[in-house]
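See below for the structure under consideration.
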Amino acid sequence: MENRTLIHARLKTPQTGTATKLEIQLTGNQWTCNWNGGHLTAQKPADIAEHEGILCISLGSPRFPNGGNNQAQSWLALFESKGVDAAKEVKGRFAVAFIDTNQNSATLLTDRFDTQPWCYAEEKGELSFSDRADSVPLDSRTINPQAIFDYLYFHMIPSPVTIFREVKRLAPASMLEWKKGQSRISKHWLPVFNENPRLNLNETKGRFLDIVRESVRNEYSGSGTGAFLSGGTDSSTVSGMLCQISGASAKTYSMGFDATGYDEMEYARLAARHFKTDHHEYYVTPEDLLEGIPLVARFYDQPFGNSSAVPAWICASRAKADGITKLLAGDGGDELFGGNSRYAKQRVFGWYDTIPALLRTSVVEPISGIPGLDRIPLIKKGVSYVEQASVPMPDRMEMYNLLLRLGIDTVFEPAFKAKINLAEPTELQKATWSEVNDAGLINRMLAFDWKYTLADNDLPKVIGTTRLAGVDVGFPLLSDELLDFSLTLPTDWKLKGLKLRWLFKEALRGFLPDEIITKKKHGFGLPFGVWAVKHPGLRKLATETLEAFGERGVIRPAFLRELHEKWLPEHPGYYGEMVWIIMMLEQWLQAHAPDWRYDSAR
């Protein structure tokens with residue numbers, strides 16, 4: 001397992017008239033940089049360069065307009081000519097920092113999906129930053145109870161919040177400028193949608209395929225490159241293109257689950273046969289989870305509750321054992337081209353807004369509020385429709401949030417609840433929603449998902465678990481070229497009526513098997529709830545972990561007992577998710593803050 005932390009840096013407010021002497025030393029794979037008022041350590045594969053007192057630290061796999069391979073040197077050249085606009089010239093995954101050791105100022109930039117995060121803190125007139133929230137060099141870090149609540153709400157902690165009070169995470173496509181002890185955060189990129197362009201359909205489909213093929217080519221790293229293959233359209237497309245690019249039978253990897261409703265291995269096999277991949281399958285067992293749960297939970301720099309993280313780690317680990325050095329993932333197709341069912345669902349609710357406001361408020365809503373109507377089967381659906389459609393976006397998407405359905409008062413200790421800002425999750429979401437104004441409902445949902453579904457959830461899942469396995473990862477369907485292409489498409493080519501990903505699927509007809517184009521999305525779902533009821537080892541782990549978390553003063557022990565002893569056995573698929581996210585939180589706390597307990601006095 002590679003070193004978890006790649007970057008530590010700390011800068012002090014400069015003293016007037018202080019001379020600067022920059023010293024850089026490379027020992028093995030580690031740089032140590034010291035100057036008057038600051039210090040930095042960096043571990044390869046991070047890259048460092050310096051010119052006239054400007055220090056550049058680069059992470060990721062940026063692609064430069066001149067094709068330069070020396071990351072930090074190329075960044076420096078751009079920074080000297082373009083200043084903070086340098087990021088507009090660079091494509092790919094990156095995090096870059098520029099430190100002016102003469103002025104003791106810093107500029108930090110993240111890519112469009114925050115695939116290489118910067119975490120930072122400001123205290124006592126100093127700036128500290130790292131690539132991990134748990135490694136920002138501070139005198140002390142304390143657990144933020146608000147972040148605990150946000151985690152239980154989202155099943156992860158969205159930027160700019162982190163698990164630590166003192167530490168923030170720079171959001172996607174953002175820039176932090178720190179000068180004279182003061183910071184300023186801004187966006188270096190925001191999407192601009194062209195919703196009704198005049199495009200030729202056949203030409204556009206051909207261009208789409210060309211961009212996807214070139215995006216896979218850009219991520220290809222030779223014979224050690226393989227691909228995740230779930231059997232969905234995204235992973236199947238990437239796997240098929242990888243075979244074309246490599247000119248060989250690409251190695252593909254699938255996870256299966258021996259549980260009814262959780263296995264779609266037949267589609268992965270169909271794609272593997274179609275493209276003649278060198279296919280590898282593995283069926284995850286409860287024993288695998290017993291090993292993987294504590295390992296994966298504790299590896300992350302803050303609590304992370306995506307339940308497919310452990311299967312992703314198992315998949316990447318088996319690829320690593322086969323000699324694979326890089327895996328290509330299919331993440332992004334849904335979020336760029338309109339493939340999630342909630343887009344169609346919210347379009348239906350959006351139709352409600354076409355009813356004149358006077359008619360809605362004076363007739364439709366009063367009728368739907370008549371007591372008893374919600375108990376009549378056919379009318380009940382209409383009442384529910386009006387109830388949901390009346391809620392503005394993005395709040396409407398959270399009406400079935402698991403935590404809200406369980407009940408805030410039912411779940412939390414009163415003392416904990418009293419000190420928490422219960423509105424923070426919706427405030428964070430509204431701030432993201434408001435960033436894109438000049439777009440319709442569907443495109444605003446897509447841009448919203450680039451933050452909450454991709455940058456905060458799915459990408460950290462894949463990046464974290466592949467890093468734990470010792471494998472690099474690429475996301476061809478999230479290339480800048482493909483993202484920019486998606487911005488030029490008519491909205492109805494993304495969601496045609498209620499047909500999801502219309503252009504994406506039309507362009508891939510003849511390339512993918514028809515059965516995969518028409519299948520419903522599934523992915524590496526995890527039957528944890530089913531197994532936690534039946535398997536003694538998992539049941540014991542869940543029991544002990546929930547009991548331990550019950551001592552931390554956050555969730556009512558009575559709720560945890562009822563959740564585990566009554567609701568989980570009755571509905572394991574539904575309540576298993578809540579058990580999982582609490583279990584992963586407690587596993588993380590045991591490793592990183594074993595003595596932490598909520599104290600209302602703090």
Side-chain angles (χ1 to χ4, degrees), residues 133-134 141-157 161-165 289-307 309-310 401-420 422 424-425 526 528-529 531-533 535-569 571-572 574-602:
D134 59 354
R141 285 184 294 271
T142 55
I143 299 297
N144 182 3
Q146 181 68 51
I148 297 284
F149 176 80
D150 293 351
Y151 166 84
L152 293 169
Y153 186 96
F154 290 110
H155 307 182
M156 48 76 184
I157 302 174
V161 181
T162 77
I163 189 62
F164 303 107
R165 295 177 191 266
L289 297 191
L290 286 173
E291 176 191 3
I293 285 170
L295 191 64
V296 171
R298 299 172 186 215
F299 178 76
Y300 281 92
D301 62 340
Q302 56 182 346
F304 186 68
N306 189 313
S307 59
V310 174
N401 178 282
L402 178 58
L403 188 61
L404 299 182
R405 302 296 287 185
L406 291 171
I408 298 296
D409 293 335
T410 301
V411 174
F412 292 105
E413 291 279 17
F416 179 85
K417 178 199 162 196
K419 293 287 186 176
I420 296 301
L422 300 176
E424 176 165 293
L526 179 67
F528 169 74
W531 286 349
V533 172
H535 188 271
L538 280 181
R539 186 166 60 246
K540 181 174 183 289
L541 177 63
T543 301
E544 292 176 350
T545 307
L546 265 60
E547 287 177 351
F549 190 72
E551 299 295 319
R552 296 190 185 270
V554 175
I555 291 181
R556 296 171 54 246
F559 168 81
L560 292 171
R561 285 194 298 272
E562 192 166 17
L563 172 67
H564 187 242
E565 296 173 4
K566 182 177 185 295
W567 298 336
L568 179 64
H571 302 284
Y574 184 76
Y575 291 107
E577 184 72 10
M578 191 66 184
V579 174
W580 177 272
I581 64 171
I582 295 172
M583 185 176 64
M584 297 300 276
L585 172 58
E586 173 61 24
Q587 289 287 330
W588 188 91
L589 287 169
Q590 287 178 12
H592 295 265
D595 298 327
W596 182 82
R597 188 181 188 281
Y598 176 70
D599 181 356
S600 60
R602 282 191 275 177

Go through Y575 and W580 one step at a time and tell me if the ring pair (Phe, Tyr, Trp, His ring centres under 6.0 Å) criterion holds.
CA-CA 9 Å; Y575 291 107; W580 177 272; over 10 Å; no
Considering non-hydrogen atoms only, spot the tightest contact between G550 and L560 and give its length.
CA-CD1, 3.5 Å
Considering all heavy atoms of both residues, which atom of A415 and which atom of Y598 are nearest to each other, and what is their separation?
O-OH, 3.5 Å
For Y151 together with W588, are the ring centres under 6.0 Å from each other?
no
Below 4.0 angstrom, N of the basic side chain to O of the carboxylate: do E586 and R552 qualify?
yes
Keeping the roles fixed (side chain from H571, backbone from Y574), state whether a donor-acceptor pair exists under 3.5 Å.
no
Could you pull out the closest heavy-atom pair between D409 and R556, with the gap in Å?
O-CD, 4.0 Å
Ion pair K540/E544, N-O distance below 4.0 Å
yes
Ring centroid separation for F149 and F412, is it under 6.0 angstrom?
yes
Can you check whether Y153's main-chain N or O pairs, donor with acceptor, with N401's side chain at less than 3.5 Å?
yes
Between the side chain of N144 and the main-chain N/O of I163, is any donor-acceptor distance below 3.5 Å?
no
Check: R165 side chain, R141 main-chain N or O, donor-acceptor pair, under 3.5 Å
no
Look only at the side chain of H564 and the backbone of A542, and say whether a donor-acceptor pair between them is shorter than 3.5 Å.
no
Non-hydrogen atoms of G576 and F528 that approach each other most closely:
O-CD2, 3.6 Å
